[in-house]
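As structure tokens, the structure follows; a few thoughts come after it.
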Amino acid sequence: MLALSGPASARTPTPIYDSSALLTPQPTSFSQCPQFFARGSPPAAPPAPRRRELCYEAFAVLHDGVSRTPLYVAQRLTRRSIEDADERRADRFFADARLPSGERAELDDYKRSGYSRGHMAPAGDMPTPTAMAQSFSLANMVPQNIQHNGGPWSKIEQDTRQYVLRAKGDVYVITGPVFTESSPTIGRNAVKVPTYLYKLVYDATTQRAWVHWQANREGERVSPPISYQELVKRTGIEFLPKVVPQH
DNA sequence: CGGCGGGCAATG
DNA sequence: CATTGCCCGCCG
């Protein structure tokens, strides 16, 4: 078992799962890693059962036990963190033991599924060996078209890193899957295959945001970004805190 | 073309 | 379970 033994996760107690936990939402554990969210505010998603908040050393995951994937993964990137992102790729994927077995993807689900294990918070962003290892949690993965993952999506990840290298301050990135009624599943645990993937990039210094919205399929090219408001419309999730008018 | 970064699977 | 070789797409 690969220990999630980084400083951040060491401070994160393992959630207790019992019947009452399914009925009454637990207090947010994102409160223990607010640094990954703009102004410390996690996205406002409509409440739903079987959602778990997981903090890691360099990113935070809202996991969905129905799809057995993350719903979104949040990061804060800086020029410094990208300059530090020169770790050797760990390449050791693992099922995340902090999730109940019925809610999580297992390695066998992806094996010979025809889909790759696609990072939401990319391995290439990770600034420390611990963060690199943690990024291979299946709680950070969705079944992704192999060609799209290694091609256009990889390009978007690298473009994002290049942007951050030139940014003046904090850049918040939120990445996640979008499912449709017809979304297929893989493996015995029926891990849902996303129809679309998005990556929201928000530069807190300039207060500019843009969104990469890509179909999870063969032949998909890098599409022109869409607006933040369009992302909210398509997902129903308010990812960024509403700006409080100053006076 | 080679290097790099996203992966995969076979092998002891 | 770690190592190794391989595939693919993108870019300079």
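Residue numbers start from 1 in every chain, and the chains themselves are labelled A, B, ... in the order their sequence lines are given, proteins ahead of strands.
Heavy atoms of A/R161 sit under 4.0 angstrom from primed sugar atoms or phosphate atoms, though from no base atom. Residue contacts shown for A/Q144 are absent, as no nucleic acid heavy atom lies under 4.0 Å away. At the heavy-atom level, A/F136 lies nowhere under 4.0 Å from the strands shown.
When rounded to the nearest whole Å, the span between CD1 of A/I146 and C1' of B/dA9 equals 11 Å. Put simply, CG on A/D108 is 13 Å from P on C/dC1, counting in whole angstrom units. Following rounding to the nearest Å, A/H148 (NE2) and C/dG9 (P) show an atom-to-atom distance of 13 Å. Nucleotide C/dG9 holds its P atom 18 Å from the CG atom of A/D159, rounded to whole Å. The interatomic distance linking A/E157 (CD) with B/dC4 (P) rounds to 18 Å, in whole Å. Rounded to whole Å, the distance from CG on A/D86 to C1' on B/dC4 is 14 Å. Note: CD (A/Q158) to P (B/dG6) measures 6 Å, nearest angstrom. Between the CZ atom of A/R117 and the C1' atom of C/dC8 there is a distance of 16 Å, given to the nearest Å.
Proximity note for A/F93 (side chain, C-beta onward) versus B/dA9, C/dC10, B/dC8: the nearest is B/dC8. Across B/dG6, B/dG7, C/dG9, the shortest atom-to-atom separation from the side chain of A/D91 is found for B/dG7.
When the side-chain nitrogen and oxygen atoms of A/R89 are compared with OP1 and OP2 of B/dG7, one or more of them lie within a distance under 4.0 Å. In terms of phosphate contacts, A/R92 brings no side-chain nitrogen or oxygen within less than 4.0 Å of OP1 or OP2 of C/dC1. Regarding contacts with the backbone of B/dG7, a side-chain N or O of A/N149 is found under 4.0 angstrom from either OP1 or OP2.
A/W213 has its ring centre less than 6.0 Å from the ring centre of A/Y196. Aromatic ring centres of A/F37 and A/Y202 lie farther apart than the 6.0 Å criterion allows.
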* Asked: Taking it one step at a time, do A/L197 and A/V142 satisfy side-chain contact (heavy atoms from CB on, under 4.5 Å)?
  -> CA-CA 9 Å; A/L197 300 176; A/V142 303; 3.9 Å; yes

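Heavy-atom contacts from other residues, nucleotides or ligands closer than 6.0 Å to CZ of A/R80 number 12 or fewer. The number of heavy-atom neighbours closer than 6.0 Å to OH of A/Y115, taken from other residues, nucleotides and ligands shown, is 12 or below.
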